[in-house]
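Please read the structure below before turning to the comments.
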There are 2 protein chains.
Amino acid sequence: MPRASNRDSVLDAFAELLAHDGDRAATLDAVAEKAGVSKGGLLYHFGTKEQLVGGLVERLDDLVDEDIAQLRAAPEGVVSEFLRVSVANDSPLDRTIVALARLAQDQRYPEAHTALQRMQERWRALVAEAVTDPVVARIVMLVSDGLYFSSLLDVAAPETSREEIDEIIAMLRRLDTPS
Amino acid sequence: MPRASNRDSVLDAFAELLAHDGDRAATLDAVAEKAGVSKGGLLYHFGTKEQLVGGLVERLDDLVDEDIAQLRAAPEGVVSEFLRVSVANDSPLDRTIVALARLAQDQRYPEAHTALQRMQERWRALVAEAVTDPVVARIVMLVSDGLYFSSLLDVAAPETSREEIDEIIAMLRRLDTPS
DNA sequence: GTCTATAACTTGATAGAC
DNA sequence: GTCTATCAAGTTATAGAC
């Protein structure tokens, strides 16, 4: 598999425009310009906008594969790592999630919606394995969703700091292992 | 103040299209048709789309006033009522929040963004009053955000039921009053 | 593989009749 | 207050040269 191709740059530009400037800013013109190709050049790689979305969906699936593996291997435990990654950090995974979340709110791109559902379900199953109390597991998922809500709208309470996340993790862990 | 005017129907139609079908579906044409007026008629009441957004922002502010009063008066306590209301129930407030959340992701409507921030800050202050532990307060806000994230994307784990919310509330309450 | 040019359509907004 | 045109700008997509 070749790397850093023009195709990849187009996908990068698409994701970044979506995540940073919103759905409406991510026009084919804007994506082409940001990627440094012409619109015709873009449309050679992705014949329609839907195929562009499809490319992003593929990328999400791959990044989630990596993420799940990383969560399983985390020495501190699945929940801690899961919540730490959930706080917006502008990683490739983060950007891809926000980009697809923007698209998922447009009824024209159901694949974006189902891709996010797939991801959510994989996370849910993993957290359910790692946590004893199902209510705690639910809270963990909702806190993670809340963190993504924040990066989607940039509106939730003054961004969650690393220390706050640590405190939240500690409290939820205490909650799952009743003394 | 007159009620059920054409102006109100236009605002209803706008909110419903935004919340149910997304940003792109809420065109002036679609809003006018759903409200049962012509586009010219719509534009008599709201001269630009920005004024239409402004109307929704006003409505949110009013509904949040009511909501805050209701939370303060809740016999079961602020947190319980707050989280119960946060789960999607298609109330006027709920619909208005989702509608403005959709708009807030478009850089053309900063008022939508600031209106949601105002709301969030009022809720945050109220919850901070009612809860002893600041970490618990933060979790409460994030769980609420998570619930709205779910109704925004219709993607989070199989919708939260009334019973689940009750269990979550009970657990968070226990957490705030250490034995 | 990449480009320019342009077609076909949609959207927000204006003009002016009633 | 409400309506019917109509316009100007922007968007996806196609055609065809290089």
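This one's a predicted model, so the numbers in the text were calculated from it and none came from an experiment. Chain identifiers are assigned alphabetically (A, B, ...) following the order of the sequence lines, protein sequences preceding nucleic acid strands; residue numbering begins at 1 within each chain.
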- Message: If you compare all heavy atoms of B:V31 against all heavy atoms of B:A13, which two are closest, and at what distance to 0.1 Å?
- Response: O-CB, 3.7 Å
- Item | Heavy-atom pair with the smallest gap, counting every atom of B:N6 and B:V37 | ND2-CG1, 3.6 Å
- Would you say C:dG1 has OP1 or OP2 under 4.0 Å from some side-chain N or O of A:Y44? yes
- Message: Check for me, please, whether B:L28 and B:Y44 land in the same ILVMFWY cluster - side-chain distances under 4.5 Å, paths through other members count.
- Response: no
- Output the residues of residues 99-106 of chain B in contact with DNA chain D, where contact means a heavy atom of the residue under 4.0 Å from an atom of the strand; sort by number or write none. none
- Is the phosphate of D:dT2, meaning OP1 or OP2, less than 4.0 Å from a side-chain N or O of B:N6? yes
- Can you give one letter per nucleotide of nucleotides 3-18 of chain C, 5' to 3': B if a protein heavy atom sits under 4.0 Å from the base, S if only from the sugar-phosphate, - if neither? BB------SBBB----
- Message: Is it true that B:N89 and B:S91 share a donor-acceptor pair across their side chains at a distance under 3.5 Å?
- Response: yes
- Query: What's the CG-C1' distance between A:D23 and D:dT12, to the nearest Å?
  - Reply: 14 Å
- Specify whether A:F149 and B:Y148 have parallel, tilted or perpendicular ring planes, treating 30° as the upper limit for parallel and 60° as the lower limit for perpendicular. tilted
- Message: Testing the basics here: between B:Q51 and B:F46, what is the closest heavy-atom pair and its distance to 0.1 Å?
- Response: O-CD2, 3.5 Å
- Task: Report the residue from A:L18, A:L103, A:D106 that forms a side-chain contact (heavy atoms from CB on, under 4.5 Å) with A:V53.
- Result: A:L103
- Message: For a quick test of reading the model, state the closest non-hydrogen atom pair linking B:S80 to B:I169 and the distance between them.
- Response: OG-CG2, 3.2 Å
